[in-house]
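Read through the structure below, which is laid out as structure tokens, and then see the notes.
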Amino acid sequence: MLVNPQRVRTLKKESQTKGPVIYWMSRDQRVSDNWALLYAQELAQKHDSPLAVAFCLVPQFLGATGRQYRFLLQGLKEVEKNLQALNIPFFLLQGDPGKEMARLLSELGAGALVSDFSPLRQSREWKAAVAVETEIPFYEVDAHNIIPCWFASPKQEWAAYSFRPKVNRLLFEFTDEFPALQKSPERNSPSENGAIENDWAAAQGCLKADTAPEAKWIMPGEAAAMKQLGNFLEHKLAGYERDRNDPNKDGQSGLSPYLHFGQISAQRIALEVLKSMKDAGSFLEELIVRKELSDNYCYYNQHYDDMQGFPAWAKTSLSEHEKDRREYLYTLQELERAHTHDDLWNAAQQEMLQTGKMHGYMRMYWAKKILEWTESPAAAQAAAIHQNDRYELDGRDPSGYTGIAWSLGGVHDRAWKERAIFGKVRYMSYNGAKSKFDVKTYISKWSHPQ
DNA sequence: ATCGGCTCGCGCAA
DNA sequence: TGCGCGAAGCCGAT
């Protein structure tokens, strides 16, 4: 057994036929270190069937712009090239994934389907649609979390402290080394007409995405991700705990865009970090506990992107303060243009607009101020999610929805001293930021276009 | 510079 | 049933 069966669950129970095994790549856009792809290969070899990979490009997805699609498409071209070297065909589809995947499966006479895992509702709807349409076995493999989301905990966790021991108990079992993906035999083609020609220009053309300034400072793709990991291990890991919360220092890993698109595996990062440093507790806390807790929240709480997901104490407290007078009220447009009275907030907004990646510490301050400056918590949450999904390279991710729910709604947090607007939700202040790092340097860095 | 109070409810020990 | 404790804090007192 190559892939730990605990990483796999059955979405549709049928018996596998002779046809090709298809890995429906979605959240985990990489060839290396991908448990879903490895499992699909395992099934193909067991039945002596061909193996193929398909990705369905959605022309309009949760406010993604050209900035994110460029990152995604360049990464996928690398996936195609790496799969070619292994004789594994890659199909680039476009349209509604539920419909297009079902069509491909029937065209190819597929014998089994394997997908990766995402807790987000769109992904779950697509899979449900495919499961209805098809009569072949359909498996889901959590290739994103180190500990499969449904296995780590059977319920929504209250906070990190309740989740952490569950993770720690299972971590050793699930930090096993990845077996190598095998090269497929030459005859491994699911289609009669030989090689597949994906039309990348047409894929680009089908997008209905708004434009946003390209994030030119970061190279997409698996190879670039591994390079960034090497750079982090060599230069930043040792000082991570000290530097990570100073937005003026480049102390964070810089891996979150790659993690979001699955261009690198969190488990690969963990394996390499553990090899290079014994006590990497604070980094592994971020990489594993916090990130997998975000998946836990979105998976078990269907209200992960609205206020109903907040804990009862926060909902009550926020509603008691909904009528509090707001000293500043901004429209979404004023926020988007970084036109507020707060130069620190504007700087964070500019960092996000210009680069597609706001520093982690500032993300909390940024979201909390939106709560302070909009007419209601619901409007604040909508505005924060809209911008996060639109501008951040790692937007549209469980970590984003959960981070915003933490900032605005006390999710995974505790109650604090009651105050206007926020009620008992933790407040953050300009003065607090000043006491932690040199805000002037950060402001001047981002107050002019880079 | 440092400290305590603020405040909720889970998870576990008993 | 009681108790300890928690992602990043704030604020006023000392």
Side-chain angles (χ1 to χ4, degrees), chain A residues 152-170 239-249 251-253 256 280-298 300-301 304 307 309-321 324 327 342 344-345 348 351 357-372 384 388 394 397-439 442:
Chain A
S153 171
K155 65 181 188 73
Q156 186 191 324
E157 292 295 329
W158 180 256
Y161 74 86
S162 62
F163 188 54
R164 192 175 295 111
K166 299 183 180 180
V167 166
N168 289 335
R169 241 188 335 264
L170 294 166
Y240 179 79
E241 190 161 7
R242 184 188 65 233
D243 295 338
R244 75 196 164 106
N245 273 343
D246 186 340
N248 293 318
K249 292 189 176 136
Q252 299 195 313
S253 74
S256 75
S282 69
F283 178 70
L284 293 176
E285 168 80 11
E286 304 296 317
L287 178 75
I288 306 174
V289 176
R290 300 304 316 186
K291 196 162 70 57
E292 304 202 355
L293 181 60
S294 298
D295 263 40
N296 171 278
Y297 180 64
C298 294
Y300 289 110
N301 194 324
Y304 58 78
M307 280 184 69
F310 299 172
W313 65 264
K315 274 191 280 203
T316 307
S317 189
L318 284 169
S319 72
E320 282 169 8
H321 290 273
D324 291 358
E327 195 173 349
D342 179 332
L344 178 59
W345 192 93
E351 182 182 22
K357 197 166 171 302
M358 190 190 300
H359 191 278
Y361 180 82
M362 290 309 301
R363 291 189 190 203
M364 300 182 283
Y365 181 83
W366 176 86
K368 283 179 183 290
K369 292 298 147 183
I370 297 177
L371 175 61
E372 200 171 336
N388 188 70
D394 58 11
D397 191 278
S399 300
Y401 300 120
T402 308
I404 288 167
W406 178 87
S407 299
L408 308 186
V411 168
H412 302 154
D413 204 4
R414 63 202 268 205
W416 297 88
K417 190 180 164 66
E418 192 164 8
R419 62 150 64 217
I421 305 173
F422 285 79
K424 290 169 184 172
V425 172
R426 183 195 299 255
Y427 182 68
M428 285 176 80
S429 71
Y430 194 108
N431 281 336
K434 261 204 302 207
S435 71
K436 286 185 185 64
F437 68 97
D438 180 8
V439 299
Y442 180 75

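Here is the naming used below: chain letters follow the sequence lines, and residue numbers restart at 1 for every chain.
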Those residues that, when tested against [X], pass side-chain hydrogen bond (donor to acceptor under 3.5 Å, both in side chains) (two or more places apart):
{"X": "A:Arg426", "result": "A:Asp413"}
{"X": "A:Trp406", "result": "none"}
{"X": "A:Ser294", "result": "none"}

Qualifying residues under ring pair (Phe, Tyr, Trp, His ring centres under 6.0 Å), relative to A:His359, sequence neighbours excluded: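 So A:His359 forms no ring pair (Phe, Tyr, Trp, His ring centres under 6.0 Å) with any residue.
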
Residues forming a ring pair (Phe, Tyr, Trp, His ring centres under 6.0 Å) with A:Phe163, sequence neighbours excluded: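 Partners of A:Phe163 by the ring pair (Phe, Tyr, Trp, His ring centres under 6.0 Å) criterion come out as none, since no residue qualifies.
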
Can you list everything that forms a side-chain contact (heavy atoms from CB on, under 4.5 Å) with [X]? Sequence neighbours excluded, please.
{"X": "A:Asn388", "answer": "A:Arg363, A:Glu392, A:Ile404"}
{"X": "A:Tyr300", "answer": "A:Trp150, A:Gln156, A:Asn296"}
{"X": "A:Ser429", "answer": "A:Tyr427, A:Asn431"}
{"X": "A:Lys249", "answer": "A:Asp243, A:Asp246"}

Closest-nucleotide ordering on DNA chain C, the 5'-leading residue of A:Arg419 and A:Arg426: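 Nearer the 5' end of the strand: A:Arg426.
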
Segment of DNA chain C, first to last nucleotide, that comes within the 4.0 Å heavy-atom reach of chain A: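 Listed 5' to 3', the contact boundaries are C:dG6 to C:dC11.
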
Using the [atom1] atom as the point on both nucleotides, what is the distance between [M] and [N], in whole Å?
{"N": "B:dG4", "M": "C:dG4", "atom1": "P", "answer": "16 Å"}
{"N": "B:dC10", "M": "C:dG9", "atom1": "P", "answer": "24 Å"}
{"N": "C:dA8", "M": "B:dG11", "atom1": "C1'", "answer": "23 Å"}

Aromatic ring pairing A:Tyr361/A:Phe437, orientation class (parallel under 30°, perpendicular over 60°, tilted between):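 Ring orientation, 0 to 90° scale: perpendicular.
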
For [X], which contact category applies under a 4.0 Å heavy-atom criterion: base, sugar-phosphate, or nothing?
{"X": "A:Arg164", "value": "sugar-phosphate"}
{"X": "A:Met428", "value": "sugar-phosphate"}
{"X": "A:Glu285", "value": "nothing"}

Intra- and inter-strand pairs of DNA chain B in dot-bracket (Watson-Crick or G-U wobble, both distances under 3.5 Å; | for another strand): ||||||.||||||.

Nucleotide-resolved protein contact map, nucleotides 5-14 of chain B, B/S/- at heavy-atom distance under 4.0 Å: -BBSBBS---

Euclidean distance, A:Thr402 OG1 relative to A:Tyr304 OH, rounded to 0.5 Å: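 That separation rounds to 9.5 Å.
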
